[in-house]
Amino acid sequence: MSNQTSGQNQKRNPSKNQNNNQNQNANHNQKANQNGYPNQNFTTYPPENEDFNLKETKPTLGGGRVTGNDRLGTAFDLVERMHYFYVRVVKAKELPLKKDGNDKGNLHPFVEVQLGNLEGLTLHFEDRSKLVMVMVVFEINEVPKRVPPDSPLAPQWYWLENKKGEKVKGELMLAVWIGTQADEAFQEALHLDATSVNGDGVANIKSKVYLSPRLWYLRINVIEAQELQIGNNLQQPEIYVRITLGNVVLRTKNSLIKNVCPSWNEDLMFVVAEPFEDQLVLSVEDKKKRIDFSTPISKWYSLEKEVVSEGRNKKVSKLNSKVHSRLSFDGGYHVLDELTHYSSDLKATSKELWKPSIGVLELGILNAQGLSPMRTRDGCGITDPYCVAKYGQKWIRTRTILSSFNPKWNEQYTWEVFDPCTVITIGVFDYCNLQGADKNDKVRDSKIGKVRIRLSTLKTNRVYTHSYPLIVLTPAGVKKIGEIQLAVRFSCSSLFNILAMYSQPLLPTMHYLHPLTYYQIDNLRHQATQIVAMRLSRAEPPLRREVVEYMLDAGSNLWSIRRSKANYARIAGVLSGLIAIRKWFNGICTWKNPFATVLVHIIFFLFVCFPRLILSSIFVVVFLMGTWNYRMRPRKPPHMDIKLSQAERVPWDELDEEFDTLPTSPHNDAVRMRYDRLRSIGSRMQAVAGDLANQGERFYNLLSWRDPRATALFLIFCLVASIVLYVIPFEVVASVMGFYTMRHPKFREKFPSVPLSFFRRLSAKTDSLL
């Protein structure tokens, strides 16, 4: 057995001045003014000097061998080289150890490695009283360098020396070399800068790769029951089936048949993970996996009942009652544990439906800069950051850098890509359990920030190196915790395969042939998130539950006024193009620019005379617009935008509501204020919905004879219009209507037009509302 120790050449003592300057932000997660509920007009603002923009960087990747458009992918070519001093201790012989009659044969030698102010020990017992100090000394500039894929350095025997530099009896077999993080010994080596961590914490701070469990949809079709034993009650029984799988309990509706042979024919769906450890309340023996919607074989299952005897002993007694049901594992669906808007995996569960991969995604996690202290230790603000990335079923976690505001990871990972319209998520966290796992689960890892990168926004075979802002929304407002520098490359072998994916359905075909309801999708996504969080939290070392839930956006469907405002602003941005066209057309109709108006008249007349030009002209205009916009195309990948998220100026009470628990925890005054605000928002939405309903009902009342005179006038107009349009050519009618709409303002009146006045006078069903 051999021990390996690595020490970084550069000392990593964080600056005390930086620690003191950043210490004022250590409590940024605390709520403002905890003694009382603040004024509703109080609004949080981000610091004026904060830069929330994306920055392009030019790190020295792969030792200077990789450029921005390098197409050659090798191991660790997307990160900066970090040189480490490696010592592999193998064994010793003929050591000069003190012996006496009492402890002969019970000696426990060990090796201590020192590099500057760093030191590390091999495995040993605590008794060091009988140690004779002998050593082997190396000059750093004489240690050989090793670069993979060179073979490992062979250990050699070295004579031992005492403190005076004199050779003594004994030899030590070891190997020393200077390598990088690409060395195969890096993962298992003991890092000297982490010697303050002991116990289980040593394994918890190392980098690891996790795999999400393979999730299935379990569909249970409850058909009917037979020969149930119903109590002697005068009331009709309300019979239903309750099914428990793990911690999830679902039930059917009450049967409409109120006798001993009820029927339901209802589907209940669960999320299960391989291996299938949980059991249903009813003992199920036959399980069928299917990739299509073929009907599985139904089966009658006998029911059992637990009976408590006189001695308080539980005994299971078999009944004559049976339940008829079908069970199947639906592998044709994709189990959604993320929102489909930024999902990292869209494959079906069954491997038989998987298509070949179309490329490889490579991610280099270089470093973070300017991190804020997340907690205090010995009166000083500290941060022990680590990074987590998730794409598909593969999760990765970097090693934890202790007490550093500018950590350097320089770790590289790869994923297979099956769909370009997917998103990789990278999060940074502060590790709060250095001395082993927290058994009470009271200490939670703090989130520092998150980055999402959509693969479809990346050019293939190009290296993107940017510094992403780490932005987090806290009860005190939006805050930039620091920046993380990433290198990303999406490589593919065939451009045709990627382009062909854009014509394929986003989800597996089962989602469209037999779609799930919105309630089922939301409920099943919650189950899948809980299963993945539980499985990864049981790994060794664990990936904590709060980390998994933050990466999967477990609370993204909760109510938030800020998110509602952001979605409203997005809708307004989508409709801004139509509004701009309407303003331009109003300018044409009002003759603000006579030259443009005359030109539009000529083009309109040409379209009327030659209608075949209409569609082709529209597509030509769209093509020219897209070609023109190529000059202004985005040069950088998208990142978290606080302006788009409506996080620049957020009232404190809205933030307090967004971070509130479910069920709510504040006092009655705060809940009453929130309720009144929701009522005011709901009243405006109610008015808008009422106006839309009025317009639609007026349109239908044109032919309903609700207003006999209005319907008669409309029918007479339709009869006259049919005769006129039959006699007069369509080109003439269209030209007259177009020129009349774009007539000069001198021939216009400020009153509404006759058709608009007629439409507004029509009745709606508002007269019948209470």
Side-chain angles (χ1 to χ4, degrees), residues 1-12 63 74-76 79 81-99 105-128 130-198 202-203 205-209 399 410-412:
M1 186 179 77
S2 65
N3 281 334
Q4 299 164 352
T5 306
S6 67
Q8 193 171 356
N9 293 341
Q10 185 178 1
K11 297 181 180 179
R12 298 178 52 260
T74 58
F76 292 91
V79 294
R81 285 185 179 179
M82 300 179 66
H83 291 93
Y84 289 86
F85 177 74
Y86 289 89
V87 179
R88 172 175 289 157
V89 182
V90 182
K91 58 184 177 180
K93 64 180 181 180
E94 300 180 358
L95 295 179
L97 299 176
K98 294 182 178 180
K99 299 182 180 180
N106 295 323
L107 303 177
H108 310 294
F110 63 92
V111 176
E112 180 182 65
V113 179
Q114 291 186 351
L115 177 64
N117 59 348
L118 302 176
E119 64 177 25
L121 303 177
T122 59
L123 297 177
H124 64 282
F125 292 90
E126 293 298 328
D127 186 9
R128 311 184 195 179
K130 306 172 183 61
L131 175 66
V132 176
M133 180 63 71
V134 290
M135 66 185 72
V136 178
V137 181
F138 296 93
E139 293 290 339
I140 294 295
N141 55 3
E142 296 179 0
V143 175
K145 293 184 178 180
R146 174 181 178 266
V147 179
D150 293 348
S151 300
L153 201 65
Q156 300 180 14
W157 289 102
Y158 291 89
W159 286 99
L160 298 178
E161 301 177 355
N162 55 20
K163 294 182 179 181
K164 298 180 180 180
E166 300 173 350
K167 292 184 178 181
V168 296
K169 182 181 179 181
E171 291 180 276
L172 181 64
M173 176 178 283
L174 51 84
V176 293
W177 72 93
I178 293 179
T180 64
Q181 70 270 35
D183 201 297
E184 61 271 8
F186 179 78
Q187 295 294 335
E188 301 300 329
L190 172 64
H191 293 253
L192 297 188
D193 55 1
T195 54
S196 60
V197 183
N198 51 41
V202 176
I205 65 174
K206 292 186 177 182
S207 57
K208 293 292 180 182
V209 176
R399 66 188 187 279
N410 284 301
E411 299 183 17
Q412 183 173 339

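Here, residue 1 is the first one in the sequence, and each next residue gets the next number. Quick note: numbers below take in every heavy atom, side chains included, and nothing from hydrogens, waters or symmetry partners.
Taking all atoms of both residues into account, the shortest heavy-atom contact from Trp159 to Val168 is CE3-O, 4.0 Å. Nearest heavy-atom pair, Ala175 versus Pro155, reported as atom, atom and distance to 0.1 Å: CB-CA, 3.8 Å.
Take Trp157 and apply the side-chain contact (heavy atoms from CB on, under 4.5 Å) test, not counting sequence neighbours, and it matches Lys91, Lys93, Glu171, Met173. For Lys145, there are no salt bridge (charged side-chain N to carboxylate O under 4.0 Å, His left out) partners two or more places apart in sequence or in a different chain. Residues forming a side chain to side chain donor-acceptor pair (under 3.5 Å) with Gln181 (at least two apart in sequence, or on another chain): none. In terms of the side chain to side chain donor-acceptor pair (under 3.5 Å) criterion, Gln156 has no residue partners (sequence neighbours excluded). For the side-chain contact (heavy atoms from CB on, under 4.5 Å) test, residues two or more places apart in sequence or in another chain that qualify with Thr180 are Arg81, His83, Ala182.
Atom NZ of residue Lys206 and atom CZ of residue Arg399 lie 11.5 Å apart, to the nearest 0.5 angstrom.
Looking only at side-chain heavy atoms (C-beta outward), Asp183 and Tyr84 stay at 4.5 Å or farther from each other. At least one side-chain heavy atom of Leu160 sits less than 4.5 Å from a side-chain heavy atom of Val136.
Relative orientation of the Phe186 and Tyr86 rings is perpendicular, given thresholds of 30° and 60° on the angle between their planes.
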